[in-house]
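A short worksheet on the structure shown next.
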Amino acid sequence: MAKHKVYSVCGMCTVRCPIQVDVANNEVLFIQGNPHSALKGALCARGAAGYALTQDDERPQYPMIREGKRGEGKWRRATWDEAFAYVAEKLKTIQSKYGKESVIWSDRGGPFVDLHQAFVRGLGSPNYHNHDSACARGVQHACKSVVGIGRKELVYDYKNCKHLVLQTRNILEAINVAEVNSVLDALNAGGEMTVIDVRATVTAGKATNFFMVRPGTDYAFNLGVIHTLIDLGKFNKEYVDTYVNGFDDLVKFIRPYTAKWAAEECGISEKALRAFVDQLVEAAPAVIWHPGWMTARYQDSFHVSRTAYIINALLGAIGAKGGLPFANKPGDVGAKGLKKFVDLFPKPEAKRADGAGWKLPHIDAGPGLINLAYDAIESGDPYPVRAYICHRHDPMMAFPDPETLLKKWEKLELLVAITFSWSDTAWNADVVLPMSPYLERESPIASKGGLKPQFFVRQRAIQPRYDTRADWEILAGISKAMGMDALAFESAEAMWSYQLEGTGKTIVDFEDKGFAELAPKPVYQDIAAVKIPTPSGKLEMIHPKWEQEGMASLKPYVSPAKPPAGSFRIIFGRCGVHTQGHTVNNRLLFEQMPENVLWLNDAAAKEMGVASGDLVKVSGGSHSGVMKAFVTSYVHPEAAFMIHGFGHKLPPESRAYGKGVADNALMPGGLENWSKEGGYICMQEHFIKVEKA
Ligand SMILES: Nc1nc2c(c(=O)[nH]1)N[C@H]1C(S)=C(S)[C@@H](COP(=O)(O)OP(=O)(O)OC[C@H]3O[C@@H](n4cnc5c(=O)[nH]c(N)nc54)[C@H](O)[C@@H]3O)O[C@H]1N2
Ligand SMILES: Nc1nc2c(c(=O)[nH]1)N[C@H]1C(S)=C(S)[C@@H](COP(=O)(O)OP(=O)(O)OC[C@H]3O[C@@H](n4cnc5c(=O)[nH]c(N)nc54)[C@H](O)[C@@H]3O)O[C@H]1N2
Ligand code: SF4
Ligand SMILES: [Mo]
């Protein structure tokens, strides 16, 4: 077939950037960012390496049913019909024995989850979850506790921002391509950027101010900023009078937390902190104090994000152009939203196994907290959980202490992994249903809110190389075998037609650009006209929902413990060329970075006689590993930093096997340390021992 182009959606990370794929004869010639979109043709390294995933023969190539013990790696090849029948039969047996609600599901969130949620509802279970208790749940709940809405209902208006504050957010390496473009545009236009991190990142290299803080002291930093803004009367009084509730409580609470105190606590200069506050005031309201993304780190990370929203409020930035304006849903711009798959089935009556929304009334019952559902498998409280479908999620790498996690799963009578690569979770599953990589599949139409809301669609660029299927085909297959005919779509077109019904759009409207815009230009809602869905209708400094559960909305500061001699606080993060744990075995990306290294502060390393390139043994509890040291003055002396996602030990992955160390394995007991306020695991509350190997 002659060369042609296909508009599609990248699948190398959860950001899901719009792409253009050049194709001929069922081969991919070139992938670029969709030139009609904010990507302007750009892609990140991982997106550019997407075809290597398709070509990889070290991924599951056909459905597999376990033959040996869990994790033994003995499989029998099955046809798709056999695999669907097997899963359906097991689900039916388990549900008749333990109840419909005995099935749980988790996935990686993202724009296509409506179909997943519908599937779980169709099964009659309330137990849909995503991965987020190991990622951004704390930010989500912080936003709800101040603004009453979810974090994605506020836009980061980078393009028009005059001062961007990044705290625990490495925006130029933990990438969203459209965001990176907008941030660089703002910097080129004279905007300023402040980075607060425990090490110097690429982002810090481009910043106006860089504060290297002692790990875990960010809450003190933010309290010092609030104190300074209030003490000097530099906050936006009119905005606060109109839109903030509980300001007097904030004023009372903040008294002890002076700039001098904060600077000492964080190990930074008071003068620099004060100068920074002046810059913010100058730029307000076109300021974004980023509340963070991967914030499943400390007990007080919820309060770090919460105070970030409070600072944004004091500067008048919430709802402002260049700050954090409100995102538009289709209805806000006079359009009609997609018809939802979840509406095909009634809401199940049973309560959630994880307690979200009832035992924990302040916790968002949408995606819940999957880690608590694992406790229900073990305890049978509130009811037995016996089947688990894990879709595009690798909890064994995404949560601390994989050994304990496996124990929590022992009573499962069915564990299904739907995945496009091997993962520890898939390796320990009973059934592996291999999904086609994104270039080989289409997905449901997705709706994206924002200043300019739109619908977008992933088209299939090439046919599958192996016996793999699209996610919708897999769910349709299981649905059919279960008798849930409403989800047994026969074709992608049938699925899309269902979604577009009543929107006035057809799939033809996506042909020109790959997406269908719902507004011709950005729409900024006036905060005066927005109904803020909090109890007071204003931004809450004190939120009753948390207070009623015995949790302080404004919590007194507790200084983090210092690591004992020879130990460091475990710190982790992302790099530009890998996504979480699933790209290490990608041929092209493996070449870019085959292993992770341990960042150590030069003074601390010198004491141990360790130089860059030396091997060090790192241990946490009974687990240890050996990796190379990277010695630098640009990391805090209490921190030992590594990139997450390495330390694979799966036989089929010849490249990734045995390379680097898995940070999550060094967190014994970590599954039990979670924040009740924010609903996330506190993964950096562990010290690891480091010795010269
Ligand atoms: N290339 C790439 N991009 C990605 C991803 C990926 O895997 N690869 N994953 C995506 C996902 S799922 C997410 S959640 C986002 C995450 O996006 P980010 O949250 O921005 O990424 P991280 O690298 O986890 O963390 C950011 C920074 O926090 C710093 N940090 C650690 N502890 C502390 C502390 O106590 N205080 C302060 N101030 N800083 C601290 C780390 O040093 C790190 O530089 O990235 C997304 N984008
Ligand atoms: N210790 C520690 N733990 C962490 C982190 C950390 O930095 N350190 N980071 C946390 C963060 S921010 C996050 S978001 C989570 C991420 O945790 P996960 O959500 O588990 O991470 P991923 O690697 O993105 O995806 C998991 C699996 O899904 C498969 N997969 C990826 N894309 C697709 C797809 O499109 N379809 C299908 N069917 N399968 C797919 C991959 O092959 C992989 O096996 O981990 C969290 N856990
Ligand atoms: S950020 Fe990179 S890997 Fe993620 S979706 Fe966009 S291009 Fe793909
Ligand atoms: Mo994440």
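Just follow the structure's listing: the first ligand is 1, and inside any ligand the first atom is 1.
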query = Is the shortest N/O to N/O distance between Gly573 and ligand 1 below 3.5 Å?
reply = no
Minimum side-chain heavy-atom gap Met397-Gln580 below 4.5 Å = no
request  = Say whether Arg306 and Ser145, considering side chains only, have a donor N or O and an acceptor N or O under 3.5 Å apart.
outcome  = yes
ask   = Which ligand 3 atoms, with their elements, are less than 4.0 angstrom from a heavy-atom of Ile175?
value = 1 (S)
By side-chain contact (heavy atoms from CB on, under 4.5 Å) - contacts of Glu153 (at least two apart) = Ile149, Lys329
query = Of the protein's non-hydrogen atoms, which lies at the shortest distance from atom 35 (O) of ligand 1, and what is that distance?
reply = Tyr298 OH, 2.8 Å
request  = Go through the structure and list residues passing ring pair (Phe, Tyr, Trp, His ring centres under 6.0 Å) with Phe221, not counting sequence neighbours.
outcome  = Phe211
Option with minimal heavy-atom separation from atom 31 (C) of ligand 1, where the choices are Thr203, Thr295, Ile571 = Ile571
query = For Thr201, is at least one N or O under 3.5 Å away from an N or O on ligand 1?
reply = no
message = Taking 2.8 Å as the limit, list every protein N, O or S atom around atom 8 (Fe) of ligand 3, by chain and residue number.
response = Cys10 SG
Check: Ala52 main-chain N/O paired with Asp56 side-chain donor or acceptor under 3.5 Å = no
query = Heavy atom under 4.0 Å from ligand 1: found in Glu173's side chain, backbone, both, or neither?
reply = backbone
message = I'd like to check whether Gly216 has a polar contact with ligand 1, where a contact means an N/O of the residue lying under 3.5 Å from an N/O of the ligand.
response = yes
key: Check: Pro215 N/O within less than 3.5 Å of ligand 1 N/O   = no
inquiry  = With respect to Gln167, determine whether any N or O atom, backbone or side chain, lies less than 3.5 Å from an N or O atom of ligand 1.
reply    = no
query = Heavy-atom distance under 4.5 Å between the side chains of His636 and Asn601, does that happen here?
reply = no
task = Of the side chain and backbone of Asp218, name the one, both, or neither that has a heavy atom under 4.0 Å from an atom of ligand 1.
result = side chain
request  = Could you find the nearest protein heavy atom to atom 33 (C) of ligand 1 and give me its residue, atom name and distance?
outcome  = Val198 CG1, 3.7 Å
query = Looking at atom 19 (O) of ligand 1, what's its closest protein heavy atom, distance included?
reply = Met294 N, 3.1 Å
remark   = Ranked by distance from atom 8 (N) of ligand 1, the top protein heavy atom is His578 O, 2.6 Å
Those atoms of ligand 1 less than 4.0 Å from some heavy atom in Gly576 = 1 (N)
task = Show which atoms of ligand 1 fall inside a sub-4.0 Å distance from at least one heavy-atom site of Arg46.
result = 1 (N), 2 (C), 3 (N), 4 (C), 5 (C), 6 (C), 8 (N)
query = Under a 4.0 Å heavy-atom limit, does Met212 contact ligand 1 with its side chain, its backbone, both, or neither?
reply = neither
ask   = With no hydrogens and no angle check, do the side chains of Thr425 and His393 hold a donor and an acceptor under 3.5 Å apart?
value = no
task = Give the single entry among Arg569, Gln580, Arg297 that approaches atom 7 (O) of ligand 1 most closely by any heavy atom.
result = Gln580
query = Does a donor on one side chain sit under 3.5 Å from an acceptor on the other, for Trp472 and Glu442?
reply = yes
note = The closest protein heavy-atom partner of atom 21 (O) of ligand 1 is Ala174 CB, 3.4 Å
ask   = Has Lys628 got more than 12 heavy atoms of other residues, nucleotides or ligands less than 6.0 Å from its NZ?
value = no
note = Checking Lys152, Arg151, Lys144 against Asp364 for salt bridge (charged side-chain N to carboxylate O under 4.0 Å, His left out), the one that qualifies is Lys144
task = Could you list the atoms of ligand 1 found under 4.0 angstrom from a heavy atom of Gln684?
result = 31 (C), 32 (N)
query = Can you tell if the side chain of Arg214 reaches within under 4.5 Å of the side chain of Glu265, non-hydrogen atoms only?
reply = yes
remark   = The complete set of ring pair (Phe, Tyr, Trp, His ring centres under 6.0 Å) pairs with one or both residues in residues 568-598, sequence neighbours excluded, reads Phe420-His582, His578-Phe646
task = Would you check whether Cys575 has a nitrogen or oxygen atom less than 3.5 angstrom from a nitrogen or oxygen atom of ligand 1?
result = yes
ask   = Counting heavy atoms only, which of His290, Arg574, Arg214, Met683 is nearest atom 6 (C) of ligand 1?
value = Arg574
query = If you measure only the distance, is there a donor-acceptor pair under 3.5 Å linking the side chains of Asn209 and Gln279?
reply = yes
ask   = Are a donor atom and an acceptor atom from the side chains of Glu173 and Asn170 found within less than 3.5 Å of each other?
value = yes
ask   = With a distance cut-off below 6.0 Å to the six-membered ring centre and an angular limit of 45° from the axis, does Arg59 pair with Trp422 as a cation-pi contact?
value = no
query = Got the closest protein heavy atom to atom 43 (C) of ligand 1, with its distance?
reply = Asp197 OD2, 3.4 Å
query = Side chains of Gln459 and Val21: closer than 4.5 Å at any heavy-atom pair?
reply = no
request  = Just need the protein heavy atom nearest to atom 40 (C) of ligand 1, so name the residue and atom and give the distance.
outcome  = Thr168 CG2, 3.8 Å
query = atom 4 (C) of ligand 1: which protein heavy atom is closest, and how many Å away?
reply = Ile175 N, 3.4 Å
request  = Could you tell me whether the side chain of His303 reaches within less than 4.5 Å of the side chain of Asn222, counting heavy atoms only?
outcome  = no
inquiry  = With the threshold set at under 4.0 angstrom, would you say Cys13 reaches ligand 1 through any of its heavy atoms?
reply    = no
request  = Could you tell me whether Phe641 and ligand 1 have an N or O pair separated by under 3.5 Å?
outcome  = no
ask   = Do any N/O atoms on Trp293 end up under 3.5 angstrom from N/O atoms on ligand 1?
value = no
Pi-cation contact, Tyr680 with Arg137 (under 6.0 Å, within 45°) = no
key: Atom indices of ligand 1 within 4.0 angstrom of Arg108 heavy atoms, with elements   = 12 (S)
query = Would a distance-only check, ignoring hydrogens and angles, find a side-chain to backbone donor-acceptor pair under 3.5 Å from Asn585 to Arg655?
reply = yes
